[in-house]
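This report refers to the structure that appears directly beneath it.
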Amino acid sequence: MAGPAQVPTLVYLVTGGCGFLGEHIVRMLLEREPRLRELRVFDLHLSSWLEELKTPGPVQVTAIQGDVTQAHEVAAAVAGSHVVIHTAGLVDVLGKASPKAIHKVNVQGTQNVIEACIQTGTQFLVYTSSMEVVGPNVKGHPFYRGNEDTPYEAVHRHPYPCSKALAEKLVLEANGRKVNGGLPLVTCALRPMGIYGEGHQIMRDFYNQGLRFGGRLFRAVPASVEHGRVYVGNVAWMHVLVARELEQRAALMGGQVYFCYDKSPYKSYEDFNMEFLGPCGLRLIGTHPLLPYWLLMLLATLNALLQWLLHPLVLYTPLLNPYTLAMANTTFTVSTNKAQRHFGYKPLFSWEESKARTIHWVQALEGSAW
Ligand SMILES: NC(=O)C1=CN([C@@H]2O[C@H](COP(=O)(O)OP(=O)(O)OC[C@H]3O[C@@H](n4cnc5c(N)ncnc54)[C@H](O)[C@@H]3O)[C@@H](O)[C@H]2O)C=CC1
Ligand SMILES: C[C@@H](CO)CCC[C@@H](C)[C@H]1CC[C@H]2[C@@H]3[C@H](O)CC4=CC(=O)CC[C@]4(C)[C@H]3CC[C@]12C
């Protein structure tokens with residue numbers, strides 16, 4: 001809420017504001033950005049929950065149905081905004097979208113956002129990048145408690161990380177370009193670890209898979225492999241803070257990247273999911289992977305082959321493919337305080353609270369075993 005001395009003046013635009021992360025950013029801005037006058041929510045598909053936010057209140061919420069690949073639609077939405085949080089993206093590692101579509105949305109879409117800021121004189125751009133810009137790489141090298149300066153051979157082949165890496169580069173290189181009116185564009189990129197929390201589709205998929213197998217999930221990843229995770233509320237909070245601080249700390253923060261992290265424990269992907277699915281009645285079978293890695297890779301490759309064979313007829317997109325298996329089997333965790341040093345980030349939600357909120361959400365899912 002605005003204090004007595006604060007007159008809300010700022011206009012924010014959130015692209016992808018109806019997605020899993022986008023919704024949390026939108027709600028967080030409304031709760032915790034007192035200087036906000038108007039919040040523009042731009043998305044290809046507008047969600048029904050936006051309606052309740054559009055009712056008269058201290059902040060005008062404007063829903064804009066649009067496509068980031070359409071430069072004119074982006075420019076119209078950006079015009080007159082002070083800050084753009086560009087979180088729209090095509091997130092796909094299961095083969096639901098073509099490489100071309102992923103590139104178009106993630107790279108061309110980001111280029112359109114940058115050019116729109118330049119054309120319309122919008123000075124501050126926050127980009128949701130991804131840990132995937134760094135790794136895990138195709139060689140399966142571990143990244144153990146690394147930070148933004150840890151050397152790592154970032155080599156990608158999959159369309160999604162390739163597109164995020166290219167888009168991040170565009171955003172960082174645009175820092176300092178002159179926007180209409182002559183002021184410099186200030187950009188920075190946030191690289192979330194694997195996000196979890198209310199609304200997480202893959203968590204929902206694992207839960208439904210567990211229900212189909214009589215409440216059981218079967219271990220495929222050794223418990224010793226650590227996969228970094230971060231709660232969606234903390235990712236949203238980091239976006240709000242960066243957007244708020246970018247003006248005052250432009251010299252320090254402009255052109256920088258920040259991993260998005262919190263106090264979520266370092267665990268394997270499956271053991272971490274069990275923190276939520278366990279209390280909802282699911283069990284993870286096996287203390288070690290039930291099948292050897294080579295056999296899992298064979299099955300994953302068969303899945304990829306089936307996907308290719310079936311694609312003219314149906315979309316076959318199982319969770320297990322060579323890429324997801326390699327991702328889940330490679331340690332990738334961060335330990336950094338760069339965001340704290342540069343803009344005072346501290347997680348808003350403790351691990352206990354993040355866990356409780358996520359469990360509560362899983363329990364409320366349809367078909368719950370709870
Ligand atoms: N889910 C995760 O674990 C992580 C996600 N990220 C990044 O966070 C961002 C948000 O991801 P999620 O919320 O998980 O995905 P999501 O798929 O739930 O949200 C993406 C949103 O972008 C919108 N969108 C897609 N194409 C669009 C287009 N052409 N024009 C306008 N809007 C479009 C979608 O409709 C959707 O609402 C993405 O940029 C993603 O790369 C980064 C790290 C981890
Ligand atoms: C082998 C399977 C048996 O249970 C487990 C498969 C799990 C995978 C579906 C996930 C493992 C790692 C995830 C990715 C990771 O958290 C990083 C990501 C960052 C992003 O920017 C987007 C999402 C994702 C690619 C995430 C997707 C799901 C996994 C591959």
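The shown structure was predicted, so the numbers you read here are calculated from the model rather than taken from an experiment. Read the numbers this way: they start at 1 and go in the same order the structure lists the ligands and their atoms. The first residue of the sequence shown is numbered 1, and numbering continues consecutively from there.
Electrostatic pairing of Glu132 and Lys164 does not count as a salt bridge here, judged by no charged N lying under 4.0 Å from a carboxylate O. Looking at Glu23 and Arg27, a side-chain N of the basic residue comes within less than 4.0 Å of a carboxylate O on the acidic one, giving a salt bridge. Ion pairing of Lys54 with Glu52 is absent here, as no side-chain N (NZ or NE/NH1/NH2) approaches a carboxylate O to less than 4.0 Å. Between Arg191 and Glu148 no salt bridge is recorded (no basic side-chain N to carboxylate O distance below 4.0 Å). Salt bridge status for Arg219 with Asp271: present, with a side-chain N to carboxylate O gap under 4.0 Å.
Note that Lys267 lies outside the cation-pi zone of Phe272, set by a 6.0 Å cut-off to the ring centre and a 45° limit from the axis. For the pair Arg40 and Tyr12, the NZ or CZ position fails the cation-pi test of under 6.0 Å to the six-membered ring centre and within 45 degrees of the ring normal.
Only side-chain heavy atoms of Tyr160 come within less than 4.0 Å of ligand 2; its backbone N, CA, C and O stay farther off. Of all the heavy atoms of Leu320, the ones lying under 4.0 Å from any atom of ligand 2 belong exclusively to the side chain. For Arg229, no heavy-atom contact with ligand 2 is shorter than 4.0 Å.
Protein heavy atoms are absent from the space less than 4.0 angstrom from atom 26 (C) of ligand 2.
Ligand-side atoms of ligand 2 in range of Gly194: 16 (O), range being under 4.0 angstrom from any heavy atom. For ligand 2, the atoms sitting less than 4.0 Å from at least one non-hydrogen atom of Ile202 are 27 (C), 28 (C), numbered in the order shown with element in parentheses. Residue Ala220 approaches ligand 2 through these ligand atoms, each under 4.0 Å from one of its heavy atoms: 3 (C). Within ligand 2, counting atoms from 1 as listed, the ones closer than 4.0 Å to a heavy atom of Glu270 are 3 (C), 4 (O). For ligand 2, the atoms lying closer than 4.0 Å to a non-hydrogen atom of Val93 are 25 (C), 27 (C). Applying the 4.0 Å criterion to heavy atoms of Val91 picks out, from ligand 2, the atoms 22 (C). Listed by atom number, the atoms of ligand 2 under 4.0 Å from Ser130 heavy atoms are 19 (C), 20 (C), 21 (O).
Looking only at protein heavy atoms, the nearest one to atom 14 (C) of ligand 2 is Met327 CE, 3.8 Å. Protein heavy atom closest to atom 8 (C) of ligand 2, with residue, atom name and distance, is Thr324 CB, 3.9 Å.
For Tyr152, the OH atom is densely surrounded, since the number of other residues' heavy atoms within 6.0 Å is greater than 12. For Gln248, the CD atom is loosely surrounded, since the number of other residues' heavy atoms within 6.0 Å does not exceed 12. When the shell of 6.0 Å around NZ of Lys104 is examined, it contains 12 or fewer heavy atoms from other residues, nucleotides or ligands. The local environment of CZ in Arg204 is crowded, with over 12 non-hydrogen atoms from other residues, nucleotides or ligands closer than 6.0 Å.
Using a 4.5 Å heavy-atom threshold, the side chains of Gln363 and Ile359 count as touching.
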Just list the N/O pairs, ligand 1 to protein, that are under 3.5 Å apart, with the distance for each.
unit_1   : atom_1 : unit_2 : atom_2 : d
ligand 1 : 3 (O)  : Ile195 : N      : 3.0
ligand 1 : 13 (O) : Phe20  : N      : 3.4
ligand 1 : 13 (O) : Leu21  : N      : 2.9
ligand 1 : 18 (O) : Phe20  : N      : 2.9
ligand 1 : 22 (O) : Gly89  : N      : 3.4
ligand 1 : 29 (N) : Asp67  : OD1    : 2.8
ligand 1 : 30 (N) : Val68  : N      : 2.9
ligand 1 : 32 (N) : Leu44  : N      : 3.3
ligand 1 : 35 (O) : Asp43  : OD1    : 2.6
ligand 1 : 37 (O) : Gly19  : N      : 3.0
ligand 1 : 37 (O) : Asp43  : OD1    : 3.3
ligand 1 : 37 (O) : Asp43  : OD2    : 2.7
ligand 1 : 39 (O) : Thr87  : O      : 3.0
ligand 1 : 39 (O) : Lys164 : NZ     : 2.8
ligand 1 : 41 (O) : Tyr160 : OH     : 2.5
ligand 1 : 41 (O) : Lys164 : NZ     : 2.8

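Using a 4.0 angstrom heavy-atom cutoff, Phe206 counts as in contact with ligand 2.
Summarising the contacts of atom 24 (C) of ligand 2 with Lys164, Met297, Glu132, Gln201, the nearest heavy atom is found in Glu132.
The distance criterion of under 3.5 Å between nitrogen or oxygen atoms is met by His227 with respect to ligand 2. Of the N or O atoms in Tyr269, none lie within a sub-3.5 Å distance of an N or O in ligand 2.
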#### Entry: Verdict with supporting geometry, Val14 and His86, side chain to side chain contact (heavy atoms under 4.5 Å, CB included)
CA-CA 6 Å; Val14 180; His86 175 42; over 6 Å; no
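Tyr269 has its ring centre no less than 6.0 Å from the ring centre of Tyr196.
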